Amino acid sequence: MGFFVFLPLILPLTAVPIARLTEQHLHPRGAARLMTVISAVMAVCSVLCLGLIGVVGTAQIPGNPLPDSWSDPVVRHALPYHETVGTAAMWLLVLVAFTCCRTVVRHLRVRSRARRALAGLPEGPAGEEGLAVLPDRNPYAYALPGSPGRVVVSTGMLDGLAEDEREALLAHERAHLRHRHHRYLLTTQLAACVNPFLRPLQAAVAFSAERWADEESAQVVGDRRITARAVARAALVSHAAPAPGFAAFAAPSAAQPGPVPRRVAALLGPVPTARNWPPAKTPAGLAAMVAAAGTAASALCALNAAVALLVVLKAVTPL
């Protein structure tokens, strides 16, 4: 195993450059999928390595449930980890489990409360399917996932937009539901709970999901300028969505001052090419290669450590 077991805990740093560069050279759809996969793989490898370090480091603690042979000097020589490191790894695993469980429970609780609040609410104007219009002067709009999903928008938001901009807004939120963007957001949020080095990818995936929905909206309305205008106008008046963790139209919660202007600028520019990997001779291409190499190295190190541990433990464990 050696020190390689620790590498998956720091290799997520190799994916940080790709978090910002993908938006310049990839279609938002490809960027969101690529970074979600990288986040998930690296998070799983981090959990696996914390578990391996914890098992080895706590094997000699009196009263632990592990077989006595696992604390054999041969094992300690082959897998030389200090008890303090192992104990710290076990506590980190507990913290990771608690944080992930809290995140999932919060997500499900918010979904449940939102659906109960919308129960019995009639469809929106003109009988638009899946649309819930709330009589609220605070402007907001978000996509509520479920079976079926619903687009939730306040009268305050609708009143602040022109008719064509409303169409762009609804198309944007329906794109979130159709492509299940909440799954991308939840996956990267859990990955960031596992390893803080993955937080830049979480923010990048959130931005890419919004850009993905922007492009879908522009296709539906047939005019990228209308969607850009809708995003800009909604950002000027909107408040944070009442459902944290959901995809919200131009919500300040998803944006420091930067993302909305970047979205508007992208919509005013040319249609992004439908590539899922940036050109090799670009900074984004190099960053993608580094991120892919880091992800592969993380998986290989975790696999190598797991196999090494199993081989050594099988050798010293009596049948």
Side-chain angles (χ1 to χ4, degrees), residues 7-49 100 103 143 145 172 175-219 245-247 254-255 258-259 262-263 265-267 269-303:
L7 286 181
L9 301 178
I10 59 174
L11 280 173
L13 289 172
T14 62
V16 171
I18 196 65
R20 191 64 181 267
L21 291 172
T22 48
E23 67 184 73
Q24 303 172 10
H25 299 276
L26 285 184
H27 191 281
R29 176 182 59 248
R33 289 173 175 172
L34 174 64
M35 288 184 288
T36 300
V37 170
I38 290 175
S39 295
V41 172
M42 288 190 165
V44 170
C45 292
S46 295
V47 169
L48 177 59
C49 289
C100 289
T103 299
H172 176 102
H176 283 314
L177 294 176
R178 183 168 57 255
H179 297 293
R180 302 183 183 276
H181 289 166
H182 65 282
R183 295 184 177 178
Y184 294 84
L185 301 180
L186 182 59
T187 298
T188 53
Q189 189 175 2
L190 292 175
C193 291
V194 171
N195 194 322
F197 291 148
L198 293 171
R199 287 180 180 174
L201 291 184
Q202 177 191 359
V205 168
F207 177 79
S208 295
E210 294 301 325
R211 281 283 301 115
W212 184 353
D214 287 342
E215 294 298 329
E216 295 276 330
S217 173
Q219 288 184 0
F246 297 157
R262 298 208 315 269
R263 288 170 57 191
L267 285 166
V271 178
T273 56
R275 61 165 64 102
N276 294 320
W277 193 265
K281 296 181 179 181
T282 63
L286 178 60
M289 292 296 294
V290 171
T295 304
S298 182
L300 289 175
C301 288
L303 180 62

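Everything numeric in this text was worked out from a predicted model, so none of it was measured.
Atom-to-atom distance recorded for S298:OG and I38:CD1 is 11.0 Å, nearest 0.5 angstrom. The structure places NE2 of H172 at 10.5 Å from CG of L177, a figure rounded to the nearest 0.5 Å. Between atom CG of residue L11 and atom SG of residue C45 there is a gap of 9.0 Å, rounded to the nearest 0.5 Å. Here CD of Q202 is found 8.5 Å from CG of L185. Values are rounded to the nearest 0.5 Å. Atoms CG and OG, from L201 and S208 in turn, are 10.0 Å apart once rounded to the nearest 0.5 Å. With values rounded to the nearest 0.5 angstrom, Q189 atom CD is found 12.5 Å from H182 atom NE2.
For T187 against A40, the heavy-atom pair with the smallest separation is CG2-CB, 4.1 Å. When all heavy atoms are compared, the tightest approach of A218 to L267 is CB-CD2, 4.4 Å. The minimum heavy-atom distance between L198 and P12, with the atom names listed, is CD2-CB, 3.6 Å. When every heavy atom of H176 is checked against every heavy atom of A143, the shortest pair comes out as CB-CB, 3.8 Å. Pairing each heavy atom of A291 with each of I18, the nearest pair is CB-CG2, 4.0 Å. Residues C100 and V194 approach most closely at SG-CG2, 3.9 Å, considering heavy atoms.
T103 is linked by a side-chain hydrogen bond (donor to acceptor under 3.5 Å, both in side chains) to nothing, counting only residues two or more places apart in sequence or in another chain. Evaluation of the ring pair (Phe, Tyr, Trp, His ring centres under 6.0 Å) rule for H179 yields H181, W212 as partners, not counting sequence neighbours. The side-chain hydrogen bond (donor to acceptor under 3.5 Å, both in side chains) search around R180 returns none, not counting sequence neighbours. The side-chain hydrogen bond (donor to acceptor under 3.5 Å, both in side chains) search around E215 returns R211, R224, not counting sequence neighbours. E216 is linked by a salt bridge (charged side-chain N to carboxylate O under 4.0 Å, His left out) to R178, counting only residues two or more places apart in sequence or in another chain.
Among residues at least two apart or in separate chains, side-chain hydrogen bond (donor to acceptor under 3.5 Å, both in side chains) pairs with a member in residues 39-48 are S46-N195.
P272 has its side chain within reach of P28: a pair of non-hydrogen atoms, C-beta onward, lies under 4.5 Å apart. Between Y184 and M35 there is no side-chain heavy-atom pair separated by less than 4.5 Å.
Between the side chain of S217 and the main chain of A213, no donor-acceptor pair closer than 3.5 Å is present.
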Report the C-alpha distance between F197 and I10 in whole Å, list the side-chain angles of each, state the deciding distance to 0.1 Å, and finish with yes or no for side chain to side chain contact (heavy atoms under 4.5 Å, CB included).
CA-CA 7 Å; F197 291 148; I10 59 174; 4.2 Å; yes
Run the side chain to side chain contact (heavy atoms under 4.5 Å, CB included) check on T14 and M42 step by step: do they pass?
CA-CA 11 Å; T14 62; M42 288 190 165; 3.7 Å; yes
